[in-house]
There are 4 protein chains.
Amino acid sequence: MIDRAAFPIRRRKHARPRELLVAALDLFVEKGFAATRAEEIAERAGVSKGTLYIYFHSKEDLLNDLIAQRFFRRFPLESFAGHEGTEARSSRELLRSVALAWRSALVEGHAGGVVKLVFTEVHNFPALADFWVHQVLTPTRAVVSSIVERGIQRGEFRAMDPDLVVNALVLPVVATCLHRHAIDPHVPCAFITAGHEALGRHAELVLQGLMAA
Amino acid sequence: MIDRAAFPIRRRKHARPRELLVAALDLFVEKGFAATRAEEIAERAGVSKGTLYIYFHSKEDLLNDLIAQRFFRRFPLESFAGHEGTEARSSRELLRSVALAWRSALVEGHAGGVVKLVFTEVHNFPALADFWVHQVLTPTRAVVSSIVERGIQRGEFRAMDPDLVVNALVLPVVATCLHRHAIDPHVPCAFITAGHEALGRHAELVLQGLMAA
Amino acid sequence: MIDRAAFPIRRRKHARPRELLVAALDLFVEKGFAATRAEEIAERAGVSKGTLYIYFHSKEDLLNDLIAQRFFRRFPLESFAGHEGTEARSSRELLRSVALAWRSALVEGHAGGVVKLVFTEVHNFPALADFWVHQVLTPTRAVVSSIVERGIQRGEFRAMDPDLVVNALVLPVVATCLHRHAIDPHVPCAFITAGHEALGRHAELVLQGLMAA
Amino acid sequence: MIDRAAFPIRRRKHARPRELLVAALDLFVEKGFAATRAEEIAERAGVSKGTLYIYFHSKEDLLNDLIAQRFFRRFPLESFAGHEGTEARSSRELLRSVALAWRSALVEGHAGGVVKLVFTEVHNFPALADFWVHQVLTPTRAVVSSIVERGIQRGEFRAMDPDLVVNALVLPVVATCLHRHAIDPHVPCAFITAGHEALGRHAELVLQGLMAA
DNA sequence: CATGAATGAGGGTTCATTCAT
DNA sequence: TATGAATGAACCCTCATTCAT
């Protein structure tokens with residue numbers, strides 16, 4: 001039933017947990033936690049049902065491990081935290097970089113699926129809310145706030161609530177992720193999930209509105 | 001078990017299907033379709049498990065009926081369609097109205113829950129994608145496009161891809177909905193789901209960036 | 001699959017838990033807890049697998065309820081506690097009555113199966129040890145002790161450790177129970193589980209040894 | 001994982017089957033056959049799960065082998081069979097010896113656990129009933145009968161059904177075994193499993209009742 | 001129509017057993 | 001021979017659905 005030639009047992013031993021986590025993430029994103037059967041996860045990982053339970057205590061545990069091991073590393077925004085060596089760059093340019101960091105993290109890469117999972121399964125896994133708010137949103141908010149304040153002080157931006165800028169730059173990325181993973185497979189919406197440059201141009205639009213007169 | 005005095009049978013008999021649909025919608029939004037038990041729906045509607053199956057063929061049918069009966073009316077954007085009697089209003093003002101129409105439909109009201117449902121259950125109910133794209137997004141896109149083109153022609157806006165404006169105005173509303181229904185119950189995020197004026201000010205920001213120099 | 005004519009649904013509603021407990025007790029005694037499948041219990045009670053879980057939370061719960069509801073009433077020895085109106089009877093006669101009370105409780109009746117269950121499942125259900133010691137053995141020991149002391153004081157018995165008498169009268173009953181339920185179905189042992197009078201004559205033998213010279 | 005230094009392979013290779021049998025017996029006695037996992041047995045024997053199946057075809061086979069190899073030797077009563085050189089000893093003394101032989105075999109030694117196993121698992125392993133009746137009870141019965149008849153003929157005992165004496169001497173030993181292995185670990189019962197001399201004094205009591213007037 | 005006891009297919013989980021190493 | 005990762009049959013339990021009352 002499983003192609004042993006393609007999946008030698010010994011070689012895969014240490015890879016199994018990761019393979020199962022990847023398979024589980026894909027399926028949880030695709031079908032939701034409750035609608036995903038344990039056997040499907042195993043099958044996609046190329047193992048049998050029982051093998052899953054060698055590495056994880058339960059299906060719930062799989063998702064908890066996903067949250068803990070896979071999600072729980074900070075969003076890649078540290079580079080902006082202190083603006084090291086960024087004195088020369090305009091605040092507009094810095095904010096644009098933040099928006100693009102979000103884009104590359106969520107739209108490209110498969111972190112986008114994680115976003116869908118967060119919003120879909122948070123009811124039964126509150127740790128997802130913690131992850132999302134404290135590991136993703138809050139750091140972003142801190143970085144954007146500091147850049148916006150810098151921009152206002154340097155006269156680049158007009159006076160502005162930084163939260164408004166966070167939301168304007170970041171929430172469309174979230175919504176785009178969800179579209180790509182939920183709606184597009186059924187009804188492709190090119191005008192939303194258009195491609196690489198769309199979010200860049202979105203950032204331009206917002207930042208244009210931010211400029212001082 | 002059910003308080004008969006408070007709910008006379010006669011008067012409620014015809015309301016049953018609607019009451020069940022409302023209960024189901026609430027629970028599907030809150031816990032997801034798969035994780036909601038048929039008995040819970042009946043209980044919330046104040047009837048017994050068996051009664052649910054008098055009015056609906058199955059649990060799936062309940063959601064299909066929700067989509068067909070509840071969702072399947074156009075988004076309240078018709079008023080903008082022809083810009084009847086709107087000649088005098090600025091294009092900026094019109095777009096602001098569109099954004100506020102979205103806000104009042106999705107953030108206030110409980111249509112916001114429907115949005116969560118769309119993104120959560122679309123995998124098993126492709127009709128949700130059809131509903132979302134054709135009944136909600138596409139009309140909005142048409143309206144916004146026409147206003148943007150009008151604004152450009154009238155010299156109010158600089159040249160701009162209309163889709164960019166749809167996305168900039170509309171996607172944050174979607175993301176805000178999801179936040180309110182998914183994340184906030186666990187980790188309140190005032191800076192996102194701040195309240196009425198937030199989205200209004202977001203629209204201002206975007207529209208400012210849209211203005212011709 | 002289940003003969004509905006013989007088992008009308010409504011009439012049995014209140015009888016179900018008891019029927020399931022009886023079926024479970026029989027099977028637990030016969031095959032042991034771990035080797036009894038939930039479906040077997042249901043089948044013997046004339047219902048389907050799922051019905052069992054309407055009335056009991058789990059298979060373990062079934063046994064716990066058996067212990068709590070069925071076993072947890074004191075052994076029928078109270079009548080001897082105060083020797084009310086027993087002044088006239090000889091101590092020998094009283095002890096003989098205790099032994100016969102054990103016999104009728106354990107060998108006749110189906111309490112004998114319970115004894116087997118106690119010894120078989122106590123490892124996983126320590127409450128069985130509590131039941132056995134505190135509800136059965138300890139009361140018996142108290143009664144027998146008081147009678148033995150009375151007999152010694154009245155010069156009927158020679159000096160004797162009362163515990164020895166408890167054991168001599170009671171332990172053979174226990175062993176006989178176990179034989180009847182465990183061994184006899186496979187290899188009948190008439191010389192042990194002989195019948196009514198055997199334990200009576202056993203008591204005679206022991207009591208004879210107890211008599212003062 | 002296993003301390004190879006402490007257990008050189010060579011020396012243990014031939015001991016493996018016995019070590020596994022001992023481990024299995026302990027666990028079957030402690031937790032029952034169905035509730036004992038094969039891996040536990042292997043672990044207690046200091047080998048891996050797979051090794052168990054080199055020496056035994058299945059878990060059931062382990063118990064069958066236990067019965068065949070371990071149990072299937074006669075109970076140590078042969079010495080009484082012909083009363084060789086016992087002419088001079090009183091029948092009372094001989095019976096006392098039989099009781100003490102039971103005690104040392106069952107209460108001391110770990111044969112007591114076997115008794116528990118017999119009564120617990122006989123349903124699924126009828127060979128246990130055969131063993132118990134034919135290898136243990138029947139020989140004892142034969143020996144006791146002959147001694148009792150001898151005692152009656154020699155005028156030491158009053159007329160008496162020999163089976164009654166078997167039961168009176170032997171069943172309390174059985175019950176004591178079960179107590180020690182089943183109940184005592186949870187609720188210690190000193191008054192039953194008191195120690196070496198208790199069964200001796202029990203025998204005295206019974207034999208006293210047996211004496212001719 | 002309304003009820004809720006009963007059903008049984010389906011999915012999560014365990015563990016005896018196998019087999020490549 | 002020894003290992004232990006992997007398997008999958010079997011079991012516990014849930015819950016959508018039915019139907020006698």
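Residue numbers begin at 1 in each chain, while the letters A, B, ... track the order of the sequences.
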Q: Find out whether L66(C) and L63(C) are in side-chain contact, i.e. whether some heavy atom of one side chain is under 4.5 Å from a heavy atom of the other.
A: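 Touching, per the 4.5 Å side-chain cut-off.
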Q: Sort and list the pairs that fulfil side-chain hydrogen bond (donor to acceptor under 3.5 Å, both in side chains) and have at least one residue in residues 21-33 of chain C, not counting sequence neighbours.
A: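 Those involving residues 21-33 of chain C are E30(C)-R44(C), K31(C)-E40(C).
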Q: Please enumerate all residues that pass salt bridge (charged side-chain N to carboxylate O under 4.0 Å, His left out) together with E43(B), with sequence neighbours excluded.
A: none
Q: So what does K49(D) touch, heavy atoms closer than 4.0 Å: a base, only the sugar-phosphate, or nothing?
A: base
Q: Which atom pair, heavy atoms only, marks the closest approach of L20(D) to V47(D)?
A: CD2-CG2, 3.9 Å
Q: Give the rounded distance in Å between these two atoms: CG of L20(A) and P of dT13(E).
A: 14 Å
Q: L52(D) CG to dA5(F) P: how many Å, rounded?
A: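 It works out to 17 Å between those atoms.
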Q: Rounded to whole angstrom units, what separation is found between the CD1 atom of I54(C) and the C1' atom of dG4(E)?
A: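 Going from CD1 in I54(C) over to C1' in dG4(E) covers 9 Å.
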Q: Choose from dA2(F), dG12(E), dG8(E) the nucleotide whose nearest atom is closest to any side-chain atom of T51(D).
A: dA2(F)
Q: I183(C) and V118(D): side-chain contact (heavy atoms from CB on, under 4.5 Å), yes or no, with the steps?
A: CA-CA 8 Å; I183(C) 311 289; V118(D) 165; 3.8 Å; yes
Q: Could you state the CD1-C1' distance from I41(D) to dA16(E), rounded to the nearest angstrom?
A: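 It is 10 Å, rounded to the nearest whole Å.
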Q: Under the ring pair (Phe, Tyr, Trp, His ring centres under 6.0 Å) test, which residues partner F33(D), sequence neighbours left out?
A: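 Per chain and number, F33(D) pairs via ring pair (Phe, Tyr, Trp, His ring centres under 6.0 Å) with F28(D), F125(D).
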Q: To the nearest angstrom, how far is D61(D) atom CG from dT17(E) atom P?
A: 9 Å
Q: When the distance from OH of Y55(B) to C1' of dT17(F) is rounded to whole Å, what number comes out?
A: 18 Å
Q: Find the bend of the helix from dA2(E)-dT21(F) to dT21(E)-dA2(F) as the angle between its two terminal axes (five pairs each), to the nearest 10°.
A: 10°
Q: Measure across E121(C) and G32(C) and return the closest heavy-atom pair with its distance rounded to 0.1 Å.
A: OE2-CA, 3.3 Å
Q: Any side-chain N or O of R16(D) less than 4.0 Å from the OP1 or OP2 oxygen of dA2(F)?
A: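 Yes, R16(D) has a side-chain N/O under 4.0 Å of OP1/OP2 on dA2(F).
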Q: For DNA chain F, which residues of residues 31-39 of chain C approach it to below 4.0 angstrom with any heavy atom?
A: T36(C), R37(C), A38(C)
Q: Between P on dC15(F) and OH on Y53(B), what's the gap in Å once rounded to a whole number?
A: 12 Å
Q: Of all residues at least two apart in sequence or in a different chain, which pass the salt bridge (charged side-chain N to carboxylate O under 4.0 Å, His left out) check with E39(A)?
A: R37(A)
Q: Here's a test of your reading of the structure: between F56(A) and G50(C), which maps to the more 5' nucleotide of DNA chain E?
A: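 Residue closer to the 5' terminus by nearest nucleotide: G50(C).
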Q: Return the set of residues passing side chain to side chain donor-acceptor pair (under 3.5 Å) with T51(B) (not counting sequence neighbours), or none when no residue passes.
A: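 Partners of T51(B) by the side chain to side chain donor-acceptor pair (under 3.5 Å) criterion, ordered by chain and then number, come out as S48(B).
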Q: Send over the distance from E43(A) CD to dT7(F) P, rounded to a whole Å.
A: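 Whole-Å distance recorded here is 12 Å.
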